[in-house]
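All remarks here apply to the structure that follows.
The model shown is predicted, which means the values in this text are computed figures rather than measured ones.
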Number of protein chains: 2
Amino acid sequence: MTTAEETQRHQEGALSNPSAVGLVAVIIAATDGEPRALTVQVGGQAKGRSDGLPAGPLVPEHPTLERGLRAWVERQTHQRLGYVEQLYTFGDRDRQGDDAGGLHSLSVAYLALVREVRPGGLAEASWRNWYRYLPWEDWREGRPESLGEIEAKLLSWMETATDPKLRRRREDRLALTFGLCGGTWNEERVLERYELLFEAGLIPEAQGQSGEAQDGDRRTTGQPMALDHRRVLATAIGRLRGKIKYRPVVFELMPPTFTLFQLQRTVEALSGTNLHKQNFRRLVAQQGLVEETDAITSGATGRPARLVRFRREVLLERPAPGFRLRAVRRPA
Amino acid sequence: MTTAEETQRHQEGALSNPSAVGLVAVIIAATDGEPRALTVQVGGQAKGRSDGLPAGPLVPEHPTLERGLRAWVERQTHQRLGYVEQLYTFGDRDRQGDDAGGLHSLSVAYLALVREVRPGGLAEASWRNWYRYLPWEDWREGRPESLGEIEAKLLSWMETATDPKLRRRREDRLALTFGLCGGTWNEERVLERYELLFEAGLIPEAQGQSGEAQDGDRRTTGQPMALDHRRVLATAIGRLRGKIKYRPVVFELMPPTFTLFQLQRTVEALSGTNLHKQNFRRLVAQQGLVEETDAITSGATGRPARLVRFRREVLLERPAPGFRLRAVRRPA
DNA sequence: CTCACTTATGCTCAATCTGAGCATTGTGCC
DNA sequence: GGCACAATGCTCAGATTGAGCATAAGTGAG
């Protein structure tokens with residue numbers, strides 16, 4: 001069959017593979033300078049319960065996928081979603097675990113940013129610091145200590161490759177993702193790092209995928225999640241870290257008014273790095289991202305700070321405002 | 001039902017909405033300084049034939065969606081795909097036309113870049129300049145002439161809003177996407193522009209979606225495509241235009257060796273703008289994106305140019321190499 | 001052969017942006 | 001008042017950019 005024939009057959013509705021399609025949502029908030037994701041408890045008694053992301057079937061009654069997701073999440077969590085963006089569509093074998101009875105299954109993942117964290121809301125849902133699941137991604141206190149052990153294991157995984165070409169390829173990947181062997185750490189490569197760990201057998205969720213021995217230790221390789229949800233989370237973090245650099249999406253996580261330092265803390269929380277304070281303010285000022293209110297903080301230690309608010313107008317003005325975050329280089 | 005319950009039910013496989021899932025591929029090449037997409041003829045005799053993108057059912061026999069797409073396209077087109085990336089998953093109502101017999105239908109769209117254009121290959125498939133479908137996106141010869149008419153229509157669409165708030169919102173969107181009313185043109189907002197035209201009733205494909213009068217004219221609003229394929233194409237172009245700025249993906253479109261000017265022409269073709277020649281070379285040199293060969297062009301008019309080739313090593317070196325394209329400002 | 005034309009390539013220069021740090025200003029606390 | 005701690009202002013050298021000028025090295029016409 002030619003492409004054209006196949007296309008035509010497809011477009012006339014003669015589809016051969018009905019599939020089970022679901023939604024997964026990565027719902028992000030940032031309070032107290034910590035990045036948080038909404039998680040739920042999933043899993044029956046047999047396998048034990050574990051953290052997972054909110055997920056559900058595709059709701060067909062909505063005009064678009066995004067609107068459907070929005071309504072679904074807002075109904076479930078009573079959160080108003082600020083910003084919503086489609087993340088990625090994960091297929092079967094990208095995932096692990098049971099196929100849904102022979103059906104091919106897909107998950108359409110969405111990233112959503114919410115402003116406030118309603119504490120009560122749902123019994124089984126809770127906000128968790130996302131670095132709980134990916135501890136090696138948090139460089140705010142300097143190089144994460146868990147990284148030492150991880151690197152050692154990755155290096156020995158590299159060594160297990162006997163084929164020199166394969167070994168070389170692995171070395172390149174280590175350099176690219178974890179900054180080993182002379183590479184540099186790029187905070188956006190969250191997914192690539194997760195996938196590398198997965199392949200190297202350091203991720204417990206990889207069980208059943210291959211028979212290799214699992215080498216997971218929550219202190220170093222983080223807490224597991226149900227199914228492939230950690231992969232989805234990693235995708236979300238990577239995307240968000242990229243996005244804040246050229247679109248003012250952080251403000252979707254901020255309260256109506258805030259101080260520049262709170263804003264900086266939020267950006268740092270997302271990107272997992274520290275920023276140079278004065279330069280950060282200069283950047284924000286130059287870009288005209290915020291405007292001053294006449295309120296001033298009080299009570300806290302140190303000199304009170306001026307409260308500012310996001311200038312919605314920038315969405316129309318500059319081509320692509322955001323933060324170009326330059327991590328401050330730390331001595332040791 | 002709570003989120004957690006729903007999630008659990010979902011994850012245990014009790015899915016309620018089996019859906020028809022398909023793939024769509026935007027396969028891009030660039031030859032002779034023109035950006036081209038692979039198109040096929042689709043549609044039966046009743047509706048008339050029209051251009052469409054290669055599409056087909058999801059192939060379940062592959063480990064991941066991407067690998068599946070890769071195999072499928074390579075089998076169909078005998079093209080080796082260089083770079084493949086998932087674009088977006090389009091839902092039903094995002095699309096137009098017939099639901100597939102009550103099934104909810106999804107299309108997972110992929111972007112692929114190929115190096116060479118095999119001319120023969122498929123009878124019904126052909127490479128088409130992508131600006132044929134989105135003529136307002138090509139600013140290489142200066143402001144596209146079709147834009148005058150488009151803007152006039154958009155402005156009158158804006159005026160039809162009686163509610164001042166709605167009118168205001170439309171004005172903002174015109175500024176943001178088409179640079180009207182004091183905004184600036186941003187070459188990455190391809191999808192937003194298409195969607196605006198769609199809403200404004202300037203896109204013939206919108207028929208049946210709403211009863212509004214269609215105002216399409218191929219010379220100004222471009223040639224239509226089947227279903228929502230123009231939307232998919234617009235998504236692809238926007239994504240690619242963004243990507244070339246921070247990842248060296250253009251090289252996936254180039255032959256093994258090429259001149260710097262050919263490279264520039266390709267980047268210009270994709271971005272739809274003109275670049276400053278000397279600065280472009282300086283950028284490429286600085287970033288170390290290419291290395292010289294000892295071959296030199298000959299035969300063409302003008303001084304012969306050195307042939308260069310892509311330095312694969314940069315993929316490992318710099319954090320995120322690509323082109324920051326600054327359009328050269330033209331006087332008129 | 002020389003000229004006109006075309007493209008390649010080298011180089012300059014001012015304006016701006018960046019990374020890093022020093023200095024000063026308000027507050028709460030002892 | 002003196003201290004610790006943030007907020008805020010300001011400087012400064014080095015790198016990056018945008019825009020051009022100038023020169024080199026081919027082709028084709030006369």
Quick one: list whatever passes side-chain contact (heavy atoms from CB on, under 4.5 Å) with Ala37(B), sequence neighbours left out.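 side-chain contact (heavy atoms from CB on, under 4.5 Å) check on Ala37(B) returns Ile28(B), Leu233(B).
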Output the rounded distance in Å from [atom1] ([X]) to [atom2] ([N]).
X: Arg265(A); N: dA6(D); atom1: CZ; atom2: C1'; result: 11 Å
X: Gln286(A); N: dG19(C); atom1: CD; atom2: C1'; result: 13 Å
X: His276(B); N: dA8(C); atom1: NE2; atom2: P; result: 14 Å
X: Arg306(B); N: dT9(C); atom1: CZ; atom2: P; result: 8 Å
X: Leu260(A); N: dA6(D); atom1: CG; atom2: C1'; result: 12 Å
X: Asn274(A); N: dA20(C); atom1: CG; atom2: P; result: 13 Å
X: Gln262(A); N: dA7(D); atom1: CD; atom2: P; result: 9 Å

Could I get the full list of ring-ring contact (aromatic ring centres under 6.0 Å, His included) partners for Phe280(A), not counting sequence neighbours?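 If we apply the ring-ring contact (aromatic ring centres under 6.0 Å, His included) test to Phe280(A), skipping adjacent residues, the hits are Phe323(A).
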What residues form a ring-ring contact (aromatic ring centres under 6.0 Å, His included) with Tyr131(A), not counting sequence neighbours? none
Between [Y] and [X], does any NZ, NE, NH1 or NH2 come within less than 4.0 Å of an OD or OE carboxylate oxygen?
X: Glu34(A); Y: Arg265(A); answer: no
X: Arg239(B); Y: Glu188(B); answer: no
X: Glu137(B); Y: Arg241(B); answer: yes

Listing time: all N or O pairs from protein to nucleotides 24-27 of chain C that are below 3.5 Å?
from	atom 1	to	atom 2	distance (Å)
dT25(C)	O2	Arg303(A)	NH1	2.6
dG26(C)	N2	Arg303(A)	N	2.5

Whether Arg143(A) engages the ring of Trp136(A) as a cation-pi pair (distance to the six-membered ring centre under 6.0 angstrom, angle to the ring normal within 45°) should be assessed.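 No, Arg143(A) does not lie over the aromatic ring of Trp136(A).
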Kindly say if Lys277(A) contacts the phosphate of dA6(D), meaning a side-chain N or O under 4.0 Å from OP1 or OP2.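 False: Lys277(A) side-chain N/O out of range (4.0 Å or more) of dA6(D) OP1/OP2.
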Trace of the salt bridge (charged side-chain N to carboxylate O under 4.0 Å, His left out) decision for Glu85(B) with Lys243(B): CA-CA 11 Å; Glu85(B) 143 177 345; Lys243(B) 202 107 190 177; 2.9 Å; yes
Tabulated below should be each protein N or O lying under 3.5 Å from an N or O of nucleotides 10-13 of chain C; please produce it.
from	atom 1	to	atom 2	distance (Å)
dG10(C)	O6	Gln278(B)	NE2	3.4

Do any side-chain atoms of residues 297-307 of chain A form donor-acceptor pairs under 3.5 angstrom with protein atoms, and if so which ones, sequence neighbours left out?
from	atom 1	to	atom 2	distance (Å)
Thr297(A)	OG1	Ala305(A)	N	2.7
Thr297(A)	OG1	Ala305(A)	O	3.2
Arg306(A)	NE	Thr293(A)	O	3.0

